Enquirer: 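Right, I'll just put the structure down here and ask away after.
Predicted model only: the values in this text are computed from it and were never measured.
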Amino acid sequence: MRSNSVAVLNVRSSDVCAIVGERGVNNTFIIKSKYTCEYDGFAEGEFLDVESFVSAVTDIVKSTLSATGGVKNFYIGVPGEFLKLVNVDKVLSFQSAKKISSSDCRLLVDMSTPNDMNGWTKIRHSCLYFVLSDKRKVIDPLGEISDSLQGKSCFYFCNDSFIASVVRAFERFNGISLRFIPVPHAEAMYLVDTEKRDECAVLFDLGYISSTYSVICGNGILYSESFSVGIGHVAFYLMSELDIPFDVAKSFLSTVNLNAKEKLDTLEECMYEGENYAFPASKLRNIIREGLDGVCETIEECRQNFTGRNIDGKPLLITGEGVKVVRGTAEHLAGRLVRGVEVIAPRVPYYDKPHFSSSLSLLDMALKDAK
């Protein structure tokens, strides 16, 4: 594999995806290989079937190695359900005003680093912002004159059970080094503009089984909460209400438009295993709306749980594999939550869909780390 390429493993609640890529022109990407494999997923901070996860990862890593001729490092995306965030606010004082150096920033990080937590491993650190003695907030304090340096830091801890499962999946491949990247942080840094982050932004990743709500500030995250509710649960709710196979329910999710105004007697149909399933479109829309209301209730709980800043006027930035499954999802969330909702995705050709947000965010952060 070329030295300017990196390999990332994106672990989502519906599938795992291995991508090898390098930086293209204008901050785009050149994808050298991409393999995806479905597995049983995860919920409540645990894999539903570890064997299913290990098998899926083994298959796509094997395919990746065959396609690229070898990989020395793999950057592993850690989903929100396997993360714990710790915010620390520390002040470093100097005897007199001086020019801030990189060693001062490192010392402040060392002072801020939390003690090890049983069952959790620190995988990354980011500083949301710095505060100088004249009360100015800056993202980069290097070269600034101040007699003190205050830093609001975020430390990302990964559940050891997740690390153990990943290590087990890679144990048959010799000589591969594993590095872990928190997915919420990667998405925040890649998808959300600097100006929005400086003013505080709210990002919601709607997944298949698991979703994550994050409050972003500067170069880090103030608050993040993951919950086992996603678009797959809406399909399950539709299946239960209509007593239909799950695959049929998933098919209806992709055909129904929540914004449609067709006549009440319009039918949506699906042929599955020789049997035709037909229901009024209005009935399907109402059930799907009820399922999405469960997602809205959880988002509202997260908003209320975060008390660090007033974010009521901030738009909800949504992304993830579940956003475009049902047409009209964003509009329904906006109406139900009574707030602005904006769909965001990578700004690159072909991959400019919310479905690719986590994978390209990981690839972007891995390429920066590899420099």
Side-chain angles (χ1 to χ4, degrees), residues 12 26-28 79-80 128 182-208 210-227 229-231 234 253-254 256-260 285 288-289 291-306 308-365:
R12 301 193 298 190
N26 298 325
N27 213 32
T28 58
L128 284 70
V183 173
H185 183 222
E187 287 189 332
M189 296 300 102
Y190 178 64
L191 298 174
V192 185
D193 294 335
T194 303
E195 294 76 14
K196 289 183 178 179
R197 297 202 311 265
D198 290 347
E199 296 295 327
C200 214
V202 183
L203 177 64
F204 176 61
D205 185 309
L206 177 60
Y208 186 71
S210 175
S211 302
T212 300
Y213 176 100
S214 302
V215 179
I216 307 161
C217 182
N219 285 332
I221 297 178
L222 281 174
Y223 169 86
S224 186
E225 186 170 345
S226 295
F227 45 90
V229 175
I231 202 68
V234 179
L253 287 186
S254 62
V256 169
N257 184 352
L258 298 182
N259 296 326
R285 286 200 301 270
I288 292 172
R289 288 189 184 110
L292 287 173
D293 284 348
V295 176
C296 294
E297 290 171 4
T298 309
I299 293 174
E300 181 60 21
E301 288 179 10
C302 292
R303 186 193 66 80
Q304 294 178 3
N305 290 339
F306 175 70
R309 294 191 181 190
N310 184 1
I311 57 174
D312 291 346
K314 302 293 181 181
L316 182 69
L317 309 177
I318 64 171
T319 195
E321 57 186 314
V323 173
K324 292 293 187 178
V325 173
V326 181
R327 286 172 292 172
T329 294
E331 292 83 355
H332 180 77
L333 294 183
R336 181 68 171 78
L337 296 170
V338 195
R339 68 185 300 180
V341 172
E342 178 184 342
V343 177
I344 59 174
R347 292 187 287 269
V348 294
Y350 180 72
Y351 295 99
D352 56 345
K353 301 173 181 63
H355 180 83
F356 295 110
S357 288
S358 55
S359 292
L360 264 63
S361 296
L362 289 171
L363 185 59
D364 179 75
M365 184 163 281

Enquirer: Find the distance between CZ (Phe227) and SG (Cys302) and round it off to the nearest 0.5 Å.
Expert: 5.0 Å
Enquirer: Show me the pairs that pass salt bridge (charged side-chain N to carboxylate O under 4.0 Å, His left out) and involve residues 325-338, at least two apart or across chains.
Expert: Asp293-Arg336, Glu297-Arg336
Enquirer: Who are the side chain to side chain donor-acceptor pair (under 3.5 Å) partners of Asp198, not counting sequence neighbours?
Expert: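 So Asp198 forms no side chain to side chain donor-acceptor pair (under 3.5 Å) with any residue.
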Enquirer: What are the two closest heavy atoms between Met189 and Asn219, and how far apart are they?
Expert: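 The pair with the smallest heavy-atom distance is CE-C, 3.6 Å.
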Enquirer: Whether the side chain of His332 engages the backbone of Asn259 through a donor-acceptor N/O pair (distance < 3.5 Å, no angle test) should be reported.
Expert: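 Not confirmed, His332 side chain does not pair with Asn259 backbone.
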Enquirer: Among all residues two or more places apart in sequence or in another chain, which pass the side chain to side chain donor-acceptor pair (under 3.5 Å) test with Asn26?
Expert: none
Enquirer: Where do Leu206 and Gly230 come nearest, in terms of heavy atoms and distance?
Expert: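 Shortest heavy-atom contact: CD1-CA, 4.1 Å.
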Enquirer: In a check of side-chain contact (heavy atoms from CB on, under 4.5 Å) between Val295 and each of Val229, Ile231, Leu337, which one passes?
Expert: Val229
Enquirer: Suppose we screen for salt bridge (Lys or Arg N to Asp or Glu O under 4.0 Å). Which residues come up paired with Arg339, at least two apart in sequence or across chains?
Expert: none
Enquirer: Which pair of non-hydrogen atoms, one from Pro349 and one from Thr28, has the smallest distance, and what is that distance?
Expert: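 Distance-wise, the nearest heavy atoms are CD-CG2, 4.3 Å.
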Enquirer: Return the minimal non-hydrogen interatomic distance between Ala188 and Arg197, and the atom names on each side.
Expert: O-CD, 3.5 Å
Enquirer: Quick one: CD1 on Ile311 to CZ on Phe306, what's the gap to the nearest 0.5 Å?
Expert: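 CZ of Phe306 is found 5.5 Å from CD1 of Ile311.
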Enquirer: Taking Leu258's backbone N and O only, do any of them form a donor-acceptor pair with Arg289's side chain (distance below 3.5 Å, no angle check)?
Expert: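 Yes: the side chain of Arg289 pairs with the backbone of Leu258.
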Enquirer: According to side-chain contact (heavy atoms from CB on, under 4.5 Å), who are the partners of Asn305, at least two apart in sequence or on a separate chain?
Expert: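 Testing Asn305 for side-chain contact (heavy atoms from CB on, under 4.5 Å), a comparison that skips the adjacent residues, returns Tyr223, Glu225.
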Enquirer: Can you tell me how far apart CZ (Phe356) and CG (Leu363) are? Round to the nearest 0.5 Å.
Expert: 12.5 Å
Enquirer: Tell me, please, which residues at least two apart from Tyr208 pass ring-ring contact (aromatic ring centres under 6.0 Å, His included).
Expert: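 Tyr208: no ring-ring contact (aromatic ring centres under 6.0 Å, His included) contacts found.
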Enquirer: Apply side chain to side chain contact (heavy atoms under 4.5 Å, CB included) to Leu222 and Arg309, showing your working.
Expert: CA-CA 9 Å; Leu222 281 174; Arg309 294 191 181 190; 4.1 Å; yes
Enquirer: Ser361: what forms a side-chain contact (heavy atoms from CB on, under 4.5 Å) with it, not counting sequence neighbours?
Expert: Ala186, Glu187, Tyr190, Leu191
Enquirer: Using the side chain to side chain donor-acceptor pair (under 3.5 Å) criterion, which residues pair with Ser214? Sequence neighbours excluded.
Expert: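 With sequence neighbours excluded, Ser214 shows a side chain to side chain donor-acceptor pair (under 3.5 Å) to Ser224, given in chain and number order.
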Enquirer: So which pairs with a foot in residues 341-358 pass salt bridge (charged side-chain N to carboxylate O under 4.0 Å, His left out), sequence neighbours left out?
Expert: Asp193-Arg347, Lys196-Glu342
Enquirer: Show the nearest heavy-atom pair for residues Val183 and Pro79, with the distance to one decimal.
Expert: CG2-N, 4.1 Å
Enquirer: What side-chain donor-acceptor pairs closer than 3.5 Å can you find for residues 313-326, not counting sequence neighbours?
Expert:
from	atom 1	to	atom 2	distance (Å)
Lys314	NZ	Glu199	O	2.8
Thr319	OG1	Ile344	O	2.9
Thr319	OG1	Ser357	OG	2.5
Glu321	OE1	Ser14	OG	2.6

Enquirer: With sequence neighbours excluded, tell me which residues meet side chain to side chain donor-acceptor pair (under 3.5 Å) with Ser226.
Expert: Thr212
